[in-house]
Protein chains: 2
Amino acid sequence: MPTILIVDDEEDIRELIAINLLREEKYTLLEAINGLEALHLAKTKRPDLIILDLMLPEMDGLTVHKNLREDPRTVNIPVIMLTARGRLEEKIQGLEMGADDYLAKPFSPKELILRVRNLLRRTNQNHGGSLIETGPFSLDKNALKLHLEGDEIELTATEFKLLLSLIESPGITQERSDLLKKVWGYSDMIQTRTLDTHIKRLREKLGSNGNSIETVRGVGYRFLEETV
Amino acid sequence: MPTILIVDDEEDIRELIAINLLREEKYTLLEAINGLEALHLAKTKRPDLIILDLMLPEMDGLTVHKNLREDPRTVNIPVIMLTARGRLEEKIQGLEMGADDYLAKPFSPKELILRVRNLLRRTNQNHGGSLIETGPFSLDKNALKLHLEGDEIELTATEFKLLLSLIESPGITQERSDLLKKVWGYSDMIQTRTLDTHIKRLREKLGSNGNSIETVRGVGYRFLEETV
DNA sequence: TCCTGTCGTGACAATTACGTCACGACGAAC
DNA sequence: GTTCGTCGTGACGTAATTGTCACGACAGGA
């Protein structure tokens with residue numbers, strides 16, 4: 001369940017956001033009314049998303065954002081900035097500092113929800129999960145594992161790198177020399193059966209999905225997203 | 001050098017975007033004037049970003065976008081949508097379909113540049129590079145390698161997973177049981193020296209940066225972003 | 001200071017992964 | 001059908017990885 005931190009000193013805005021978020025989907029909410037509190041919460045609780053008003057007492061939103069970006073614990077947390085009226089100055093300044101999105105008050109609740117959902121979807125795909133999903137394949141870059149039709153398949157480091165290289169460009173034929181370079185670091189066009197052997201081992205582990213790795217005779221191999 | 005695909009049937013808009021992008025940074029540009037051309041280019045050239053006008057002859061932008069999202073080759077390419085005037089209807093529709101950003105004509109060239117830069121930065125962090133960077137450490141999830149102060153350090157699969165677990169939460173102490181679960185999949189609180197041994201091996205490979213892994217006696221280990 | 005539990009370290013054996021080879025099967029071109 | 005080159009496959013030796021253990025060092029509390 002994603003955690004969202006709302007930073008705003010106006011209670012009715014916090015409430016408006018909270019109500020809309022809670023109604024739409026299941027989120028855990030954190031609230032802060034000033035910059036220091038926000039920074040502390042962000043660094044200890046590590047929310048998945050921060051909605052940050054630019055107008056805050058004492059420490060303004062841009063400063064809070066700068067602080068967030070300077071700490072490795074929070075540098076990757078996406079931020080949606082809020083401001084009264086969409087003043088271009090602040091807008092550009094916010095984007096320049098790496099805000100991930102921007103919302104001008106008064107905003108439409110529907111737009112807020114959509115922006116939150118989009119941002120969470122993007123970051124989940126990457127940072128949190130590091131999952132590459134294609135068809136029935138789900139490759140976990142963190143655990144170095146493959147999930148396939150409910151089964152959890154252990155891959156060796158070489159197999160993982162090979163499958164990753166193939167799966168990252170579905171439908172596209174990769175030449176033998178390219179794969180040898182990507183996975184083994186071979187720079188020359190080496191005559192070796194190593195690649196074939198590992199392809200075979202991969203196909204074995206993929207079981208009935210082994211034919212997702214297609215041989216392109218004389219060229220290389222190709223990953224098919226759909227089993228023919 | 002990132003490749004950007006511009007899809008718009010108005011030549012002066014394409015030119016405006018091209019001029020501003022080319023002036024600011026080094027990009028490779030592709031241009032398309034209708035949906036079919038855009039889809040073909042996207043699937044064969046695989047640009048890093050697509051700037052897509054909603055108003056196109058024959059196939060409208062939303063349909064193009066839908067097609068992009070349905071093909072594994074293009075599903076991960078971020079899209080900035082362009083529309084005449086920021087009509088809320090289209091805005092919401094675009095975001096709902098997973099557009100990554102939205103720009104209303106007439107737009108400020110500066111804002112365009114910033115949005116492009118932000119989106120590329122976000123996606124590079126994840127998909128393309130899969131690099132986790134903290135201080136002098138640069139962990140490559142695709143190649144399963146560690147770059148540290150110019151050196152390329154080979155890690156075994158176990159070492160990689162262990163370092164990844166630590167480095168993903170810098171400054172935060174991870175309990176032994178958590179690490180055992182994350183890296184080895186042990187569910188019970190097992191009494192083992194395996195973790196210690198691997199920590200030792202990691203520290204050896206990290207050389208003078210070995211003290212970035214701090215022991216928290218009785219609890220676990222902690223990764224420090226800055227060498228003390 | 002002593003005691004206790006935790007951690008670091010080096011060595012070791014078992015397991016696993018890896019690359020190579022030989023041979024047979026198969027496709028494509030003629 | 002024949003020929004040639006590429007690919008699949010099983011086996012095998014080598015190298016690397018891994019988990020465990022024993023012992024000593026050390027920190028923290030009594």
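Throughout, protein chains are lettered first and strands after them, A, B, ... in sequence-line order, and every chain is numbered starting at 1.
- Proximity note for B/D196 (side chain, C-beta onward) versus C/dT9, D/dT9, D/dG19: the nearest is C/dT9.
- Within the 4.0 Å cut-off from OP1 or OP2 of C/dG8, at least one side-chain nitrogen or oxygen of B/T215 is found.
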Let me have the donor-acceptor pairs involving side chains of residues 33-40 of chain A, under 3.5 Å, with sequence neighbours excluded, atom names and distances please.
residue : atom : partner : partner atom : Å
A/N34   : OD1  : A/L36   : N            : 3.1
A/N34   : OD1  : A/E37   : N            : 2.9
A/E37   : OE1  : A/I33   : N            : 3.2

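- At least one side-chain nitrogen or oxygen of A/W184 sits closer than 4.0 Å to the OP1 or OP2 atom of C/dG19.
- The separation between B/E154 atom CD and D/dT18 atom P is 13 Å, rounded to whole Å.
- In terms of position on DNA chain D, the residue among B/T156 and A/V219 whose nearest nucleotide sits closer to the 5' end is A/V219.
- As rounded to whole Å, 8 Å separates atom C1' of C/dC7 from atom CZ of B/R176.
- Under 4.0 angstrom from either OP1 or OP2 of D/dG8 there lies at least one side-chain N or O belonging to A/Y221.
- Of the N and O atoms on the side chains of A/N209 and A/S212, not one donor lies less than 3.5 Å from an acceptor on the other residue.
- Dashed line: the shortest gap from a side-chain N or O of A/K200 to OP1 or OP2 of D/dG10 is under 4.0 Å.
- Residues B/T158 and B/T156 have side chains that never bring a donor and an acceptor to within less than 3.5 angstrom of each other.
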Under 4.0 Å protein heavy-atom contact, by nucleotide of nucleotides 20-30 of chain D - B base, S sugar-phosphate only: BBB---BB---

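- Contact annotation: the side chain of A/D48 never approaches that of A/I4 to less than 4.5 Å [non-hydrogen atoms, C-beta and beyond].
- Under a 4.0 Å N-O distance rule, the pair B/D178/B/K181 does not qualify as a salt bridge.
- As rounded to whole Å, 14 Å separates atom C1' of D/dA16 from atom CG of B/L155.
- Looking at the side chain of B/T158, the nearest of the listed nucleotides C/dC7, C/dG19, D/dG19 is D/dG19.
- In this entry the distance linking NE2 of B/H198 with P of D/dA16 reads 17 Å, nearest Å.
- Residue B/L180 contributes atom CG, which lies 10 Å from atom P of D/dG19 at whole-angstrom precision.
- Put simply, CD on A/E214 is 14 Å from C1' on C/dG27, counting in whole angstrom units.
- Under a 3.5 Å cut-off, the side chain of B/S169 and the backbone N or O of B/S165 do not form any donor-acceptor pair.
- Side-chain contact between B/T215 and B/R203: present, with at least one pair of heavy atoms (C-beta onward) separated by less than 4.5 Å.
- Taking the charged nitrogens against the carboxylate oxygens, A/R46 and B/E168 have no contact shorter than 4.0 Å, which rules out a salt bridge.
- Whole-Å rounding puts the B/E204 CD to D/dT18 C1' distance at 15 Å.
- A 4.5 Å side-chain heavy-atom check between A/L144 and B/K161 finds at least one atom pair inside the cut-off.
- Between A/K200 and A/E159, none of the side-chain N atoms (NZ, or NE/NH1/NH2) sits under 4.0 Å from a carboxylate O, so this pair counts as no salt bridge.
- Rounded to 10 degrees, the angle between the two end axes of the helix from C/dT1-D/dA30 to C/dC30-D/dG1 is 40°, with five pairs used at each end.
- Atom-to-atom, CD1 of B/I213 to P of C/dG8 comes out at 10 Å; the value is rounded to the nearest Å.
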